[in-house]
Amino acid sequence: MKKLNNPFVIYGYKGPEYFCDREQETKTLLRALHNERNIVLISPRRIGKTGLIHHAFAEIARTDKDIHCFYMDVNATRNLTEFIHYFAKTVIGKVDNPTQAAYRKITAFFSAFKPTMSFDEMSGIPTFSITVAPNQQEESLKKIFDYLKLSEKRIYIAIDEFQQVAEYPEKGTEALLRSYIQFLPNVYFIFAGSKQHIMADMFLSAKRPFYQSAQIMNLPLIKEEKYLDFANRLFQPNHQNISEDVFHHLYASLDGQTWYLQVVLNRLYEMKETITSDTVDSTIEELVDEQDVAFNSYYESLTDNQAALLSAIAQEKSVSSVTSMEFISKYRLPAPSSISIALTALINREFVYKQDNTYIVYDRFFARWLRKKNARYE
């Protein structure tokens, strides 16, 4: 791969040299798949679960060309039909040799669903899509799984933001997927999700179809010393260095959250200057100010109770009990019942996240914006 202008990657996966640590997590993921275990990967957004999946798949591609790996982010799907269309485009034709005979066989296999073939403009790889009538959902889904099973190839499929399927309007979607997945002898899955409470319920509740069907894996923060070594390795060609004290200040300011650290390090690399704590602070403030319009929009979309609670959590940075009288009194919040309703709404909209039994504002830059906004009006 061509050398990057800036090695601190913010979006996508650009290769192992730009990927920080996760050695143990990668081994755990690869061991589970190798030994025919499905994996449930749970972490908040922007910790690095998607990068970890791509990193593991890149390692598989390097060491075993016979294994086919597929990644799907189903966060944008709103129903089972959209899931099936996405699933079909992701896998159909990708486990076959690129020959006319193979394509004719695929067309015949999916003939009941009017398959069409197109070519990716960038890669030239053929992509198949199918037409799914409302009464053909179960049949079409079964056909895709049958196609994977009949290939007899070893296949790994990562479904990111898997909790989204629990929101589909079609009843029984989880049970339907489970009924097919459990009988695939050659296909293994990574079910990744960022909504901890929903993912935990899907896989740990005895009332749900996926109960105890996969190995649970939580994604911790990357250790500070590992991140410091990684950062300085990438800074070195740029004739820069970040000291242990300054990096600790950066790490603590952003609670060790991978994406936010990467964004700041990306800007520091661009500046080509000596890195100090003041430089770190001014860079973070610049990034927060850049999103002022968006953050204002988020804030204005909240009810009064939601806005008051979110601002209070941001001020405290983390709160163990939002309904304690001490917390309510300090920030002049409404009654505990109203706070509970507001908290549920903020969690569902992913403004607030529960981590280590405390509530925090999900977006670290938004939290700083809220504290800054509150300071202006004190």
Side-chain angles (χ1 to χ4, degrees), residues 8-34 37-61 69-77 83 86-87 90 156-167 177 181 188-204 210 213-224 226-227 230 251 254-263 265-266 347-348 350-356 360-365:
F8 292 101
V9 177
I10 301 173
Y11 300 107
Y13 176 77
K14 303 297 173 63
E17 63 269 41
Y18 305 112
F19 187 77
C20 181
D21 189 35
R22 297 297 188 202
E23 293 177 8
Q24 187 56 51
E25 292 88 348
T26 302
K27 289 177 182 177
T28 299
L29 206 55
L30 295 177
R31 273 202 308 266
L33 294 171
H34 178 77
R37 297 193 300 272
N38 294 331
I39 280 275
V40 177
L41 180 59
I42 303 174
S43 81
R45 293 185 196 277
R46 299 180 171 180
I47 292 291
K49 63 179 169 54
T50 302
L52 173 61
I53 293 169
H54 286 297
H55 184 63
F57 281 180
E59 178 64 17
I60 292 168
C69 298
F70 300 105
Y71 171 83
M72 302 167 54
D73 182 346
V74 300
N75 189 53
T77 61
F83 177 93
Y86 186 13
F87 191 21
T90 301
Y156 299 152
I157 300 175
I159 307 179
D160 209 349
E161 302 304 339
F162 185 70
Q163 73 274 341
Q164 185 64 25
V165 305
E167 307 292 330
L177 289 171
I181 287 172
Y188 303 95
F189 290 81
I190 300 171
F191 304 104
S194 58
K195 293 187 177 181
Q196 184 177 14
H197 59 297
I198 300 178
M199 290 291 290
D201 191 50
M202 290 175 77
F203 288 91
L204 297 178
F210 278 96
S213 64
Q215 177 181 333
I216 306 295
M217 179 178 171
N218 291 297
L219 200 58
L221 297 174
I222 296 173
K223 291 182 179 179
E224 186 175 336
K226 289 278 188 179
Y227 222 128
F230 168 77
Y251 191 91
L254 300 172
D255 302 316
Q257 302 289 306
T258 304
W259 185 84
Y260 299 95
L261 289 170
Q262 287 290 112
V263 170
L265 291 169
N266 181 282
I347 291 173
N348 288 338
E350 296 188 83
F351 283 116
V352 168
Y353 187 79
K354 190 173 185 180
Q355 178 176 281
D356 299 328
I360 60 175
V361 177
Y362 214 138
D363 187 320
R364 297 305 188 272
F365 291 161

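Remember, predicted model here, so these are calculated numbers, not experimental data.
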Nearest non-hydrogen partners of [X] and [Y], listed with the distance:
X    : Y    : result
I198 : A166 : CG2-CB, 4.3 Å
Q163 : K195 : OE1-N, 3.8 Å
L41  : K49  : CD2-CB, 3.8 Å
A192 : I53  : CB-CD1, 3.9 Å
L29  : A56  : CD2-CB, 3.7 Å
Q215 : T28  : NE2-CG2, 3.7 Å

Is there a donor-acceptor contact under 3.5 Å from the side chain of [X] to the main chain of [Y]?
X    : Y    : result
R37  : H34  : no
E350 : Y362 : no
D73  : N75  : yes

Enter the distance from [X]:[atom1] to [Y]:[atom2] here, rounded to the nearest 0.5 Å.
X    : Y    : atom1 : atom2 : value
Q355 : S43  : CD    : OG    : 10.0 Å
Y18  : F230 : OH    : CZ    : 10.0 Å
T77  : Y86  : OG1   : OH    : 8.5 Å
R45  : T258 : CZ    : OG1   : 15.0 Å
F19  : H54  : CZ    : NE2   : 10.5 Å

With side chains defined as the heavy atoms from C-beta onward, is the minimum distance between [X] and [Y] less than 4.5 Å?
X    : Y    : answer
D160 : Y71  : yes
L204 : I216 : yes
F203 : I42  : no
Y13  : F57  : no
L221 : Y251 : yes
D255 : I360 : no
M72  : F83  : yes
I190 : L33  : yes

Exercise. Of all residues at least two apart in sequence or in a different chain, which pass the side chain to side chain contact (heavy atoms under 4.5 Å, CB included) check with E25?
Worked result: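 Here the qualifying residues are R22, L52, M217, L219, P220.
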Problem set entry | Chi angles and distances behind the side-chain contact (heavy atoms from CB on, under 4.5 Å) call for D363, F351 | CA-CA 7 Å; D363 187 320; F351 283 116; over 6 Å; no
For this session: Decide side-chain contact (heavy atoms from CB on, under 4.5 Å) for M199 and V40; before the verdict, give the C-alpha distance in whole Å, the side-chain angles of both, and the deciding distance to 0.1 Å.
Result: CA-CA 8 Å; M199 290 291 290; V40 177; 3.8 Å; yes
For this session: Please assess V165 against I159 for the test side-chain contact (heavy atoms from CB on, under 4.5 Å), listing each intermediate value before the final yes or no.
Result: CA-CA 10 Å; V165 305; I159 307 179; 5.7 Å; no
Exercise. Between Q262 and Y227, is any side-chain donor less than 3.5 angstrom from a side-chain acceptor?
Worked result: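 Distance-only check passes for Q262 and Y227.
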Exercise. So Q196 and Y353, side-chain contact (heavy atoms from CB on, under 4.5 Å) or not? Walk me through it.
Worked result: CA-CA 9 Å; Q196 184 177 14; Y353 187 79; 3.2 Å; yes
Exercise. For the rings on F210 and F191, is their centre-to-centre separation under 6.0 Å?
Worked result: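 Ring centroids of F210 and F191 are less than 6.0 Å from each other.
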For this session: Would you please test R46 and Y260 for side-chain hydrogen bond (donor to acceptor under 3.5 Å, both in side chains) and show each step?
Result: CA-CA 8 Å; R46 299 180 171 180; Y260 299 95; 2.9 Å; yes
Problem set entry | Over 12 non-hydrogen atoms of neighbours within 6.0 angstrom of NE2 in H197 |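 More than 12 within 6.0 Å, yes.
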For this session: For the pair E59 and K27, find out whether any cationic side-chain nitrogen is under 4.0 Å from an anionic carboxylate oxygen.
Result: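 Salt bridge between E59 and K27, a charged N being under 4.0 Å from a carboxylate O: no.
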